[in-house]
Each structure stands twice: as C-alpha cells, then as structure tokens.
Amino acid sequence: MTINAIKNETDYSAALARIEALIEENPQPGSPEADELDALTTLVEAYESKVFPTEPPDPVDAILFRMEQQDLSQRDLVPFIGSRSKVSEVLARKRPLTLPMIRALHFGLGISAASLIREPILDPSNGHTVEWGRFPLNIMARRGWIKNRKPTSQGDAEEAVRNFLAPLGSLSGLLAAYRKSDHIRSARSMDDYALLAWTAEIVIKAVNLSEIADYESGSVTLDFMRSLAQLSVFDNGPALARDFLAKHGIALCIEPHLPHTYLDGAAVLFRLDRPVIGLTIRYDRIDSFWFTLMHELAHLALHFEGEVSFFYDDLDVESKKDSREQEADEMAGEVLIPSIAWLKSPASKLPSPQAVHHLAKQLRIHPAIVAGKIRHESKRYRLLPNLVGSGEVRRYFPEINWSV
C-alpha cells in the first residue's frame with residue numbers, strides 16, 4: 001500500500017475517489033484497506049484545512065452539535081446556561097452567551113472555547129456582522145460563481161458575494177430564510193458559509209429556469225413519487241427525472257457539495273411557487289440518486305407547511321433521533337419498494353442477482369434500487385457491487401464540472 005501526499009487538486013480528486021471506493025468495500029477494522037482509508041482521510045482533511053480554511057463553528061452550532069452527540073435535551077442545558085427560558089433564547093440566537101455560560105459549557109460539556117467565544121453569524125437582521133471573507137471564495141471562483149480571482153480585502157469579498165447573491169434579491173431575506181431552517185441531518189458540524197453559498201447557487205439555478213411549470217401545493221404524493229420512480233428503468237432516468245419534476249413546477253438542481261458540508265441533498269422552499277430539490281451526487285450510484293431524490297421529495301410532501309424552509313441531509317447519518325427524518329426515510333423507501341412487496345420477495349432473504357431482477361421487474365424500477373435496499377438492510381455494502389449502478393449518474397449531467 002503506497003500512499004502519497006496530497007499536493008494539488010489532481011491528487012485531492014484522486015484521493016477522494018479512492019476513499020469512496022474504499023467506503024464501498026466496507027473494509028474490516030485493522031485490515032490494510034481500513035488503514036489506507038484512515039490514512040487517506042487524514043491527508044484529505046489536512047489538505048482541506050490548508051486549501052479551504054474554516055473558522056470554528058459559531059457557538060449555537062457548537063452547542064447543537066454537542067447536544068446531538070450526547071443526546072441532550074434543552075432541559076439538560078439548564079445547569080450550564082441558567083434557566084429553560086435562557087436556554088431557549090440562546091439556541092434561538094436571541095440571547096448572547098455570557099462569560100459564566102461559556103465557562104460552564106466549556107468545562108461541563110467539553111465544547112471548544114474557540115467556538116463559544118465567537119459571535120453568532122449570518123443574520124444581519126439581528127445586528128450581527130456577516131464575515132464576508134469566510135465564504136469559500138476560492139472554490140466559488142473556480143466554479144464561476146464569482147469573478148475568477150480571490151478578493152484581497154473584506155470590501156472586495158463583500159462586493160463579490162453580494163454580486164453573486166444579487167439574483168435572489170434581498171440578502172437579508174435569504175439569510176433570514178436560512179436561519180429559519182431548524183433542520184440539518186449530519187453528525188458533523190457544517191460550515192455555515194459554505195452551506196449558504198451552495199444553497200444560494202441551487203436557488204439561483206432554480207430562479208433562472210425558463211422551461212418550468214407552475215407548482216401546485218400538495219401535488220407531491222405517493223402516487224406522484226411512484227410515477228417518477230418508474231422512470232428509473234430508462235437508461236437516462238436521472239435526466240428524465242429532472243424533466244418530469246420541471247413539468248410539475250419543481251426545480252431539480254445538481255451541484256456538487258462544497259468542502260465541509262457533507263451533503264447528499266436538500267429540499268428548499270425559498271419561494272413558495274418554486275420548490276427546489278438540490279442533489280450533490282456525492283455517491284455516483286443509481287441507487288443513491290433515487291433514494292436521495294425520493295427522500296427530499298418526501299420532505300416536500302410531509303414537512304413544508306407554507307413557510308420558507310430548508311432541509312439539509314447527510315444520508316450517511318442514521319435518522320433514529322429525528323421523527324421528520326424517519327418519516328422521510330420511510331416514505332422514500334415505501335415509494336421505491338413497498339414493504340408488502342419487499343417482504344414477499346425472495347430478495348428480502350436472498351441477495352442474488354436473480355432475486356434483484358425479479359423484484360425490480362415486478363415493481364418496474366431499476367435493479368440498482370433493489371440492490372441498494374439489500375445492501376442497506378443487511379449492512380453488507382460489498383454485496384452486489386455490479387448492480388448498484390456505480391458511475392452511472394454524473395454522466396447525465398454533463399454541464400457540471402465534477403472535478404472542481
């Protein structure tokens with residue numbers, strides 16, 4: 001096993017591809033492959049820290065992350081913050097942390113002091129300052145979102161980002177909408193600025209779409225999603241899915257995730273008349289594409305109640321602690337492979353290609369979806385490697401530069 005240092009973007013892309021391949025193999029702990037995965041992950045994190053430097057998370061994000069890690073409720077924070085009303089106000093970003101609170105949270109819960117002493121970010125409507133230089137300006141430039149040069153001052157950075165966000169109208173409106181999002185499914189703290197930039201890009205893409213119908217609220221149902229899922233049997237199913245959704249007023253926008261966002265997909269209702277499903281195609285597999293798409297559509301069907309809302313999903317993370325994520329997972333699964341059909345099928349007990357193709361033909365879906373279900377249910381991700389459609393999604397979106 002030879003592992004080389006990551007010196008440039010070519011090395012970086014190669015390392016990411018190798019990491020994805022190793023994750024697919026699901027190596028046993030202590031094996032050479034597992035050691036290689038650990039080493040490559042360390043090298044990639046070091047390279048990202050150097051090339052895409054980020055500040056510590058803001059205090060509220062740091063507290064929420066620790067609450068998720070330790071399965072804490074707001075009541076559990078009372079000894080550190082002072083009262084249930086104060087806890088609620090701090091987590092809603094309506095009350096700043098005091099020095100005693102910072103000390104208590106640092107020593108009591110082990111939260112980084114560097115995170116706790118930072119000002120909350122990204123909400124100028126509450127009087128907080130946007131740190132324009134913290135946007136991922138280098139990669140935004142490489143993707144053509146801003147002028148192809150790195151701003152040299154805070155003023156240059158502000159001008160570049162404001163110009164980028166201009167198609168969305170009011171910056172305060174976007175930031176306020178972003179802050180209303182109370183849901184990020186991830187085990188890792190995401191970079192707020194990178195996440196906002198990615199969100200803005202997919203919304204801008206949606207706003208600029210010309211050939212898209214009017215959206216009718218409530219139109220996304222089980223039958224709607226099952227009709228969409230049956231497009232998976234076609235060779236160009238992912239492209240057909242985008243066209244199908246556009247005919248129903250839903251913008252499906254593809255944009256690779258930014259460093260430190262760990263995204264598979266998002267459901268965004270920035271404008272009530274044009275919902276947006278954003279997919280990163282982080283895993284270039286047919287089964288992953290269709291489940292992620294159905295999961296985000298399930299959020300649109302179940303969890304938007306007329307307010308501007310954002311849902312962000314890292315689907316590597318289990319959904320057991322969040323009822324909305326469980327509901328979206330269950331609806332997506334039921335759409336693709338109804339539980340009755342699954343339990344009756346040999347595929348639920350026999351991970352064979354014949355069983356996969358039999359159930360896929362019965363349900364009129366792509367075999368990769370069945371193979372992915374078998375792998376997920378058994379937690380054996382080495383099974384049926386030739387049936388999950390690896391490398392079969394990104395090629396249908398040639399307008400995307402996947403190397404950036």
Exercise for review: Could you tell me whether a side-chain N or O of Arg394 sits under 3.5 Å from a main-chain N or O of Ile281, the two making a donor and an acceptor?
Suggested key: yes
**Study point:** Contacts of type side-chain hydrogen bond (donor to acceptor under 3.5 Å, both in side chains), residue Glu89, not counting sequence neighbours
**Key:** Arg95
Review point. So Trp198 and Val203, side-chain contact (heavy atoms from CB on, under 4.5 Å) or not? Walk me through it.
Key: CA-CA 9 Å; Trp198 182 87; Val203 174; over 6 Å; no
Exercise for review: Measure from the side-chain N and O atoms of His366 to the backbone N and O of Ala368, and report whether any donor-acceptor pair falls under 3.5 Å.
Suggested key: yes
Practice item. Give a yes or no on whether a salt bridge exists between Glu33 and Arg382, defined as a side-chain N under 4.0 angstrom from a carboxylate O. Key: no
Check your understanding: Can Asp313 and His295 be said to form a side-chain contact (heavy atoms from CB on, under 4.5 Å), step by step?
Key -> CA-CA 9 Å; Asp313 291 297; His295 179 93; 3.4 Å; yes
Exercise for review: Apply salt bridge (Lys or Arg N to Asp or Glu O under 4.0 Å) to Glu399 and list each qualifying residue two or more places apart in sequence or on a separate chain.
Suggested key: Arg242
**Study point:** Asp223 versus Thr221, side-chain donor and acceptor atoms under 3.5 Å
**Key:** no
Practice item. Please report the shortest heavy-atom distance between Pro367 and Val356, naming the atom on each side. Key: O-CG1, 3.4 Å
Exercise for review: Using a strict 4.0 Å threshold on nitrogen-to-oxygen distance, state whether Arg18 and Glu36 make a salt bridge.
Suggested key: yes
**Study point:** Partners passing salt bridge (Lys or Arg N to Asp or Glu O under 4.0 Å) against Glu392 (at least two apart in sequence or in another chain)
**Key:** Arg395
Review point. Counting only N and O atoms by type, is there a donor-acceptor contact under 3.5 Å from the side chain of Tyr396 to the main-chain atoms of Asp235?
Key: yes
Check your understanding: Donor-acceptor pair, Asn208 side chain versus Lys205 backbone, under 3.5 Å?
Key -> no
Point to revise | Partner set under ring pair (Phe, Tyr, Trp, His ring centres under 6.0 Å) for Phe234, not counting sequence neighbours | key: none
Exercise for review: Going by the side chain to side chain contact (heavy atoms under 4.5 Å, CB included) test, name the single residue among Met190, Glu255, Arg185 that passes it with Leu263.
Suggested key: Met190
Check your understanding: Looking just at side-chain N and O atoms, do Glu327 and His303 make a donor-acceptor pair shorter than 3.5 Å?
Key -> yes
Review point. For Ala229, does its backbone N or O pair with a side-chain atom of Ser232 as donor and acceptor, under 3.5 Å?
Key: yes
**Study point:** Non-neighbouring partners of Asp71 that pass side-chain hydrogen bond (donor to acceptor under 3.5 Å, both in side chains), sequence neighbours left out
**Key:** none
Review point. Is a side-chain N or O of Ser88 found less than 3.5 angstrom from the main chain of Arg84, in a donor-acceptor match?
Key: no
Check your understanding: Checking Arg143 side chain against Asn401 main chain: does a donor-acceptor pair fall under 3.5 Å?
Key -> no
Review point. Between Arg134 and Asp192, is there a salt bridge with N-O shorter than 4.0 Å?
Key: no
Point to revise | Gln70 atom CD: more than 12 heavy-atom contacts under 6.0 Å | key: yes
Point to revise | Side chain Ser288, main chain Arg285, donor-acceptor under 3.5 Å | key: no
**Study point:** Note: Asp214-Arg274 ion pair, threshold 4.0 Å (strictly below)
**Key:** no
Check your understanding: Between Tyr262 and His257, does a ring pair (Phe, Tyr, Trp, His ring centres under 6.0 Å) hold up when you go through it step by step?
Key -> CA-CA 7 Å; Tyr262 319 106; His257 74 288; 7.4 Å; no
Exercise for review: With ring pair (Phe, Tyr, Trp, His ring centres under 6.0 Å) as the test, would you mind laying out the steps for Phe224 and Phe244 before giving the verdict?
Suggested key: CA-CA 10 Å; Phe224 174 97; Phe244 177 95; 5.3 Å; yes
Point to revise | Side-chain donor or acceptor of Arg364 paired with backbone N/O of Val233 under 3.5 Å | key: no
Check your understanding: So Trp145 and Phe164, would you call those rings parallel, tilted or perpendicular, with 30° and 60° as cut-offs?
Key -> parallel
Review point. Is a donor on one side and an acceptor on the other found under 3.5 Å between the side chain of Ser345 and the backbone of Ala341?
Key: no
Check your understanding: Angle class for the Phe311/Phe304 ring planes (parallel below 30°, perpendicular above 60°, tilted otherwise)?
Key -> perpendicular
Exercise for review: Could I get the full list of side-chain hydrogen bond (donor to acceptor under 3.5 Å, both in side chains) partners for Asn236, not counting sequence neighbours?
Suggested key: none
